[in-house]
Amino acid sequence: MSLAPTYSPTDVEAKWYQRWQQQGFFKAKPNLKKVPYTVVIPPPNVTGVLHMGHMLNNTIQDVLVRRARMQGKEACWVPGTDHASIATEAKVVALLKEQGIAKTDLTREQFLAHAFEWKDKYGGIILEQLKQLGASCDWDRTRFTMEPDLTEAVLRVFVDLYNKGLIYRGVRMVNWDPKSRTAISDEEVVPKDVMAKMYYLNYAVVGQEGQFLTVATSRPETIMADVAVAVNPNDPRFAHLAGQKVRIPLLGREIPVIFDEYVSIDFGTGALKVTPAHDLNDYELGVKHNLPVIDILADDGTLNEKAVLYVGQDRFAVRKQIAKDLQEAGCLVKIEEYASITQMSERNPDTVIEPKLSLQWFLKMEHLAKPALEVVENDTIKLHPPKFKNMYRAWMENVRDWCISRQLWWGQQIPAYYLPDGTFVVALTAADALEKARAQTGKPDLQLSDLRQDEDVLDTWFSSWLWPISVFDGFKDPDNADINYFYPTNDLVTGPDILFFWVARMIMAGLEYRQEVPFKNVYLTGIVRDAQGRKMSKQLGNSPDPLDLIAQYGADGVRTGMLFSAPAGNDLLYDVKLVEQGRNFSNKLWNAFRLVKGWEADASLPFVNAKPVEWFNAKLQAAIVEMDDHFEKFRMSDALMTIYKLVWDDFCAQYLEMVKPAYQHPIDAETLRHTLAYFEALLKLLHPFMPFITEELWHELAERGPRDYVTVAPWPRATVPAHIAETMAQMEKALAIVAGIRTVRNQKNLGPNKPLMLVAKTDEPQLVTDYEGIIRKLGSIAEVSLADAGPAASVSFVLGGSEFFIPLEGHIDLAAERARLEKELEYAQGFRESVQKKLGNEKFAQNAKPDVLERERQKLADAEAKIAALAQALKGL
RNA sequence: GGGGGAUUAGCUCAGCUGGUUCAGAGCAUCUGCCUUACAAGCAGAGGGUCGUAGGUUCGAACCCUACAUCCCCCA
């Protein structure tokens with residue numbers, strides 16, 4: 001049979017993914033004989049498509065889950081999506097608009113029908129894409145945050161928290177998106193640098209004709225909402241205005257001058273107009289000074305009747321017009337340009353967010369935050385890397401109440417029902433609400449039609465924060481087998497950008513509803529950026545299509561490529577070179593397989609490879625220990641690098657070369673047996689990173705039983721052999737001799753195959769004898785001999801206290817050889833001197849620990865030996 | 001403005017409580033090779049006064065103090 005010299009992943013990947021599913025390897029169910037290992041996916045937006053961030057995040061999860069599965073744990077990775085309320089609604093609105101339908105023309109029910117249609121069409125594409133990446137999720141457990149059961153969980157929690165007195169309605173300053181006509185969270189606001197205009201306006205001082213107070217503002221259209229002008233009490237320029245009033249230009253309304261140290265003396269004119277309804281800081285100032293609130297902005301960004309002037313016009317149109325009108329009225333002193341930051345909507349990038357007072361639902365955080373901080377502080381939940389603990393603490397100590405209502409339709413409608421008298425009841429269902437309402441009002445004839453449910457829906461995070469519990473139906477059925485077995489989950493993999501508003505809140509929900517943390521470790525990935533360090537974005541077009549990448553480089557190549565440079569918490573600078581490296585690694589493994597596959601065993605041959613076999617076992621065991629340690633510490637890229645080097649450098653470059661029989665010659669059976677066992681061990685260690693190629697080779701390497709897959713093969717356990725250090729040190733020395741020979745070949749341009757002689761003048765003749773076979777094979781040496789002196793006309797190199805000679809008639813440049821050796825000697829002498837100096841220092845001798853002292857003495861002895869050998873070599877020239 | 005993190009080879013990063021061979025890895029670079037597993041490869045080589053300036057110590061990339069630069073979070 002002939003195997004292609006390059007590995008082609010496309011044929012292989014679909015086949016194995018299908019078989020894994022047929023075998024049900026990814027399905028998990030409570031099994032008391034096994035330790036559970038649970039991961040819940042950070043649910044992506046149901047209508048989203050896979051991007052590079054998902055690739056990184058899900059690769060890491062799959063590595064963790066696959067390894068746990070191989071370790072014999074009941075590995076359960078729960079997939080699913082969230083309904084991404086504002087993003088999805090914005091998409092649906094845009095789509096309808098293209099069809100000429102305005103949202104305002106539809107009823108809530110009609111709109112939701114459209115939205116579900118959209119969701120059913122595009123929803124879940126992303127989950128199909130994850131399969132191409134190799135994600136080993138238990139697909140039977142796929143959940144969606146807006147499915148009936150999860151919706152019920154959300155409503156139950158809302159009712160419960162309301163009954164506990166933790167949910168309240170209140171007027172607050174929110175970020176208002178006038179286009180979507182909803183409040184959005186701080187995290188959905190994107191600051192943008194802009195050049196803004198600063199308008200200097202004269203407010204006439206009441207009762208003092210000709211006196212003005214000049215106020216600087218970037219938003220002149222809000223003067224109708226002014227309720228005061230504030231100045232700093234320490235500002236002498238305004239001391240005379242104590243107790244005075246000023247008149248709003250154009251409008252003529254009188255407002256007081258107030259004094260507050262909040263006002264910066266050197267910003268603008270030092271006088272600040274106070275507009276509590278339209279600026280958070282002003283709002284707080286207003287509360288402090290007991291000022292009224294005048295809200296002049298309608299939900300759609302136009303001015304309402306409270307503005308008196310410009311009613312019904314958009315705020316930006318008004319800004320232009322009022323500047324002109326102020327100018328004409330002689331109230332505009334000047335306009336200055338200045339660099340400022342405008343808050344934009346993440347979902348509607350062309351829309352300026354307005355701070356707006358609004359009636360919203362809030363969840364009190366203090367009670368929930370305290371224990372959630374505690375469990376991170378005491379490491380019940382560990383953050384990886386731990387530097388995020390500080391950030392977490394800072395946020396939790398300054399937590400604000402959570403605005404959980406959104407003025408949207410796509411989401412869970414708030415289960416609050418208003419009564420004709422203006423009061424409301426909160427209940428899980430309309431029927432319950434009616435019952436409550438009747439009781440509350442004492443009117444048994446109250447009908448459902450008398451109740452009006454709150455129009456708003458809940459923030460999407462109000463469903464995602466329940467995710468680790470709700471995916472196991474822990475609200476509907478709090479004592480069911482799944483939740484008891486799989487909760488708390490083990491590891492959560494997500495980005496630090498949602499540490500607060502998702503991770504922290506899940507911790508709160510877990511503690512509140514299960515009295516247990518939702519997970520034990522939080523692995524925080526970085527952001528995937530391009531090679532120049534820019535964030536990947538559609539606008540820049542710097543994000544490759546993940547599926548194209550998989551098609552081009554194979555899922556295994558992409559997975560390893562992403563992990564190569566992705567230490568936890570660090571941003572990943574994506575470069576196509578990384579996935580190339582991953583692809584090349586697949587190919588390397590493929591070719592190692594091709595080599596081994598071609599070997600024919602001959603039972604009559606003696607076992608000649610004891611040294612390589614013993615040595616590679618030592619390397620393998622050491623690597624397993626190292627990998628386990630890396631995994632323990634969530635250092636995925638280091639674990640990958642360990643196996644990468646073991647496969648490429650130790651197995652392929654060294655071991656296989658050592659045991660490889662001559663072309664078309666058979667190999668001894670014992671060596672082949674060991675080699676195949678090693679190959680299997682490597683496939684297992686590699687499998688979490690490269691599931692597809694390892695499965696393919698697993699089946700190519702031997703006949704397998706129907707359930708014998710590397711996916712469910714036991715994770716290798718290290719058994720560290722006796723004398724491991726010695727085994728490795730000896731081989732290292734032998735390989736150093738080989739490297740010395742190869743260096744000579746390179747320097748003398750001899751080519752890799754020209755047979756050479758090697759003469760060793762060594763203090764370790766046993767080593768040279770033991771490893772002669774390896775030295776001959778890897779160095780293409782015809783004959784190794786021991787001698788007390790080097791032959792004339794030879795090139796030499798010194799290793800430790802030994803000197804090695806390669807006779808080379810006609811290739812010797814005596815002067816150059818001498819120069820090279822002298823340089824080495826000088827270097828060694830300098831080194832000896834520094835060690836001697838250190839040892840000669842009395843304080844060092846007194847203070848250093850014995851083992852440190854011993855090491856220094858050893859260094860000195862080594863240096864002495866080397867110097868002696870070099871001196872000999874020079875003499876011999 | 002407040003808080004946090006960072007600064008080690010061209011790039012991305014390791015470097016555990018200060019002391020193994022004058023600082024390590026991967027990638028990139030350079031040189032030579034199509035040596036029947038692999039040119040998506042093989043062999044070899046070069047490259048860093050560990051941001052700057054002080055200090056503690058027998059000894060500092062590691063500890064302390066300033067300063068500089070960058071990033072993040074909050075306001």
Side-chain angles (χ1 to χ4, degrees), chain A residues 3-7 186 264 280-281 385 387-395 397-398 400 496-497 499-500 527 531 533 553 557 561 564-567 569-575 577-578 580-599 629-630 633 635 637-638 640-642 644-645 648-649 652-653 656-657 660 662-664 738-754 778-780 800 827-828 830-835 837-849 851-856 858-860 862-863 866:
Chain A
L3 294 163
T6 48
Y7 170 65
D186 292 345
S264 332
L280 181 58
N281 295 316
K387 66 177 177 185
F388 288 107
K389 210 164 152 178
N390 290 329
M391 263 171 68
Y392 183 85
R393 182 187 310 116
W395 191 71
E397 282 174 351
N398 299 294
R400 292 183 171 209
D497 49 335
L499 178 61
F500 308 142
I527 297 165
Y553 297 96
F564 272 132
S565 79
N570 277 22
D571 287 355
L572 181 146
L573 297 196
Y574 170 79
D575 194 312
K577 279 176 186 161
L578 289 171
E580 265 173 28
Q581 195 188 345
R583 189 259 328 251
N584 294 354
F585 185 42
S586 302
N587 200 47
K588 186 70 189 176
L589 191 67
W590 172 251
N591 276 289
F593 160 71
R594 282 214 303 149
L595 175 67
V596 173
K597 182 78 179 170
W599 289 347
D629 183 51
H630 286 319
K633 293 171 180 154
R635 300 166 70 142
S637 48
D638 295 283
L640 172 61
M641 194 47 71
T642 300
Y644 177 84
K645 286 196 282 191
W648 201 306
D649 299 342
C652 294
L656 289 180
E657 292 298 332
K660 181 161 105 180
Y663 183 57
Q664 287 187 335
V738 173
I741 296 163
R742 287 170 170 172
T743 306
V744 171
R745 281 185 188 280
N746 254 298
Q747 280 168 352
K748 300 297 173 190
N749 229 329
L750 297 173
N753 289 326
K754 181 186 165 73
L778 299 194
S780 287
Y827 195 71
F831 178 63
R832 174 177 65 179
E833 211 173 302
S834 76
V835 179
K837 207 169 150 192
K838 202 180 221 183
L839 283 167
N841 184 327
E842 267 179 48
K843 287 195 176 166
F844 175 71
Q846 280 165 13
N847 295 323
K849 286 180 217 143
D851 58 320
V852 173
L853 215 54
E854 184 46 44
R855 266 181 240 141
E856 291 301 318
Q858 188 58 48
K859 274 202 252 177
L860 185 62
D862 290 349
K866 176 145 196 161

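Below, read A as the first sequence line, B as the second, and so on, with proteins coming before strands; counting in each chain starts at 1. Bear in mind the structure is a predicted one, so any value in this text is a computation, not a measurement.
Among the nucleotides B:rG19, B:rG32, B:rC73, the one closest to the side chain of A:Phe844 is B:rG19. With distances taken from any side-chain atom of A:Tyr663 to the nucleotides B:rC27, B:rA40, B:rU36, the minimum falls on B:rU36. Closest to the A:Met641 side chain, of the nucleotides B:rC73, B:rG26, B:rC38, is B:rG26. For A:Glu657, counting side-chain heavy atoms from C-beta on, the closest listed nucleotide (B:rC38, B:rA40, B:rG26) is B:rC38. Side-chain atoms of A:Arg742 lie closest to B:rA43 of the nucleotides B:rC42, B:rA37, B:rA43.
Among the heavy atoms of the strands lying under 4.0 Å from A:Lys645 are primed sugar atoms or P, OP1, OP2 only; no base atom is included.
Base pairing analysis places B:rU65 opposite B:rA53; the two distances defining the Watson-Crick or G-U wobble pair are each below 3.5 Å. Here B:rU17 sits opposite no nucleotide as a Watson-Crick or G-U wobble pair (both hydrogen-bonding atom distances under 3.5 Å). For B:rG32, the paired base is B:rC42 (Watson-Crick or G-U wobble, both distances below 3.5 Å).
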Derivation and outcome, side-chain hydrogen bond (donor to acceptor under 3.5 Å, both in side chains), residues A:Asp862 and A:Gln858: CA-CA 6 Å; A:Asp862 290 349; A:Gln858 188 58 48; 3.0 Å; yes
Worked check of salt bridge (charged side-chain N to carboxylate O under 4.0 Å, His left out) between A:Glu657 and A:Lys660: CA-CA 5 Å; A:Glu657 292 298 332; A:Lys660 181 161 105 180; 3.5 Å; yes
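Using a 3.5 Å distance cut-off with no hydrogens or angles, the side chains of A:Gln581 and A:Tyr644 do pair a donor with an acceptor.
Applying the 4.0 Å criterion to OP1 and OP2 of B:rC42, one finds that A:Lys588 has a side-chain N or O inside that range. The side chain of A:Asn584 places no N or O atom within less than 4.0 Å of a non-bridging phosphate oxygen (OP1 or OP2) of B:rC38.
Using a 4.5 Å heavy-atom threshold, the side chains of A:Phe844 and A:Leu853 count as touching.
Comparing B:rG47 with B:rC38, their C1' atoms sit 29 Å apart, to the nearest whole Å.
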